[in-house]
Amino acid sequence: QGRFQFGRQLLKKLLLVGALMAFVVWSLPGIAAASVVDPFDDPLLPGWIALPSAKGWVVTAGAVQRRFSPTGPGELVRPIGMGMANDFTVAATMTTSAGRTNAGLTTLFVNQTNHMWAKIEISPGHPYGFMSIGHDLGGKTASLLAQANVPLTKSTTYDVTLSKVGTTLTFTVLTSAGTPLRSITRTLSSAEISGLAKASSAGLRTKTLWDEDDGGTRWEAFSVTP
């Protein structure tokens with residue numbers, strides 16, 4: 001009986017990984033497999049580092065979220081073995097909150113005060129949807145390095161990708177069916193290139209605050225593809 005249960009659990013994990021890889025191949029033509037895949041089926045989040053602390057990050061029903069407390073920016077990152085010298089794509093499937101959303105991806109991550117990030121937003125300031133690319137560099141935040149309105153609705157699942165090709169970052173939002181909604185780009189500055197030269201991690205980013213994310217945004221899957 002024990003071996004049977006173990007076999008079923010192992011098969012479930014293999015099926016989840018296989019399904020996510022199929023998603024990556026389908027949504028990124030020409031890519032054979034992802035170097036990092038996580039369907040968030042392990043509540044212990046092995047391999048991940050939560051910043052500034054693990055408080056608030058939880059896994060429930062196959063998705064990860066950062067609850068409202070604590071407030072402010074928070075990242076959940078993992079080593080990916082790629083950085084400024086590489087071209088790669090960070091991707092996630094995420095579902096917007098029933099209330100407010102201010103969340104997305106981080107890439108070229110050195111530490112909490114030095115990294116690039118991209119977000120989608122539904123908030124009092126952007127009730128119909130917004131997207132932007134920003135950075136934290138030397139402890140200073142710039143949140144609107146590239147920006148655009150994008151049609152988003154609450155409690156809806158989207159695919160998001162943040163690709164690096166050379167010194168250009170491209171952030172794309174797609175429907176769950178794979179239809180692109182909008183893309184924005186940012187050419188890395190000389191300060192970003194030098195300041196993030198040692199980056200080797202990527203992951204998730206959110207900002208919980210009274211007028212920002214309310215802790216209800218969920219990520220159902222994450223991948224990094226060379």
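These numbers come from the heavy atoms of this one structure, side chains and all, not from hydrogens, waters or symmetry mates.
No chain of hydrophobic side-chain contacts below 4.5 Å, direct or via other Ile, Leu, Val, Met, Phe, Trp or Tyr residues, connects Val165 to Ile193. Leu51 and Val59 end up in different hydrophobic clusters when Ile, Leu, Val, Met, Phe, Trp and Tyr side chains are linked at under 4.5 Å. Hydrophobic clustering (ILVMFWY, side-chain heavy atoms < 4.5 Å, transitive): Phe130 and Met116 are in distinct clusters.
Taking the side chain as every heavy atom from C-beta outward, Ile120 and Leu152 approach each other to under 4.5 Å. Taking the side chain as every heavy atom from C-beta outward, Ile184 and Met131 approach each other to under 4.5 Å. Looking at heavy atoms from C-beta onward, Gln147 lies out of side-chain contact with Phe171 at the 4.5 angstrom threshold. Looking at heavy atoms from C-beta onward, His135 lies in side-chain contact with Glu192 at the 4.5 angstrom threshold. In this structure the side chain of Leu137 reaches within 4.5 angstrom of the side chain of Leu196, judged on heavy atoms. The shortest distance between side-chain heavy atoms of Leu108 and Met84 falls below 4.5 Å. With a 4.5 Å cut-off on side-chain heavy atoms, Ser132 and Trp117 count as touching. With contacts defined as side-chain heavy-atom distances shorter than 4.5 Å, the pair Val64/Leu204 qualifies.
Rounded to the nearest 0.5 angstrom, Thr185 OG1 and Leu145 CG are separated by 11.5 Å. In this structure, Tyr128 OH and Ser123 OG are separated by 12.0 Å, a value rounded to the nearest 0.5 Å. To the nearest 0.5 Å, atoms CD1 (Ile122) and OG1 (Thr96) are separated by 4.5 Å. Within the model, atoms CG of Asn149 and CG of Leu181 stand 12.5 Å from one another, a figure rounded to the nearest 0.5 Å.
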**OP:** Could you please spell out the steps behind the side chain to side chain contact (heavy atoms under 4.5 Å, CB included) verdict for Leu45 and Leu76?
**Re:** CA-CA 10 Å; Leu45 290 170; Leu76 188 69; 4.1 Å; yes

**OP:** Apply side chain to side chain contact (heavy atoms under 4.5 Å, CB included) to Asp159 and Met94, showing your working.
**Re:** CA-CA 6 Å; Asp159 295 325; Met94 57 189 298; over 6 Å; no

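The side chain to side chain donor-acceptor pair (under 3.5 Å) analysis of residues 101-111, with sequence neighbours excluded, yields the pairs Thr101-Thr217, Asn102-Glu212, Asn111-Thr113, Asn111-Asn114. Within the structure, every pair that satisfies the salt bridge (Lys or Arg N to Asp or Glu O under 4.0 Å) test and touches residues 112-130, not counting sequence neighbours, is listed here: Lys119-Glu121. Every pair passing salt bridge (Lys or Arg N to Asp or Glu O under 4.0 Å) that includes a residue from residues 72-85 is listed here, sequence neighbours excluded: Asp38-Arg78, Glu75-Arg205.
Between the side chains of Thr208 and Arg66, at least one donor N or O lies within less than 3.5 Å of an accepting N or O. A donor-acceptor contact under 3.5 angstrom links the side chains of Ser97 and Asp214, judged on distance only. For the residue pair Thr157 / Ser176, no side-chain donor-acceptor distance below 3.5 Å is found, with atom types taken as modelled.
Between the side chain of Thr156 and the main chain of Lys154, a donor-acceptor pair closer than 3.5 Å is present. Side chain of Tyr158 to backbone of Thr153: a donor-acceptor contact under 3.5 angstrom is found. Using modelled atom types, no side-chain atom of Thr170 and backbone atom of Ser163 make a donor-acceptor pair closer than 3.5 Å. Lys55 places no side-chain N or O within donor-acceptor distance of the main-chain N or O of Ser69, the cut-off being under 3.5 Å. Side-chain atoms of Trp219 come within 3.5 Å of backbone N or O of Gly104 as a donor-acceptor pair. Formation of a donor-acceptor pair under 3.5 Å by the Asp87 side chain with backbone atoms of Pro226 is not found in this model.
For the pair Leu105 and Ala92, the tightest heavy-atom approach, listed with the atom from each and the gap, is CD2-CB, 3.7 Å. Contact between Gly125 and Pro127 at its shortest, heavy atoms only, is C-CD, 3.6 Å. Closest non-hydrogen pair, Ser201 versus Pro79, comes out as OG-CA, 3.6 Å.
Residues meeting the ring pair (Phe, Tyr, Trp, His ring centres under 6.0 Å) test with Phe88, sequence neighbours left out: none. Applying the ring pair (Phe, Tyr, Trp, His ring centres under 6.0 Å) test to Trp48 and every residue at least two apart in sequence or in another chain returns Phe40, Phe222. With sequence neighbours left out, Asp213 forms a salt bridge (Lys or Arg N to Asp or Glu O under 4.0 Å) with no residue at all.
For the pairing with Phe109, the side-chain contact (heavy atoms from CB on, under 4.5 Å) check across Ile49, Val77, Asp136 returns one residue only, Val77. Only one option out of Thr161, Thr89, Val160 pairs with Thr172 in a side-chain contact (heavy atoms from CB on, under 4.5 Å); it is Thr161.
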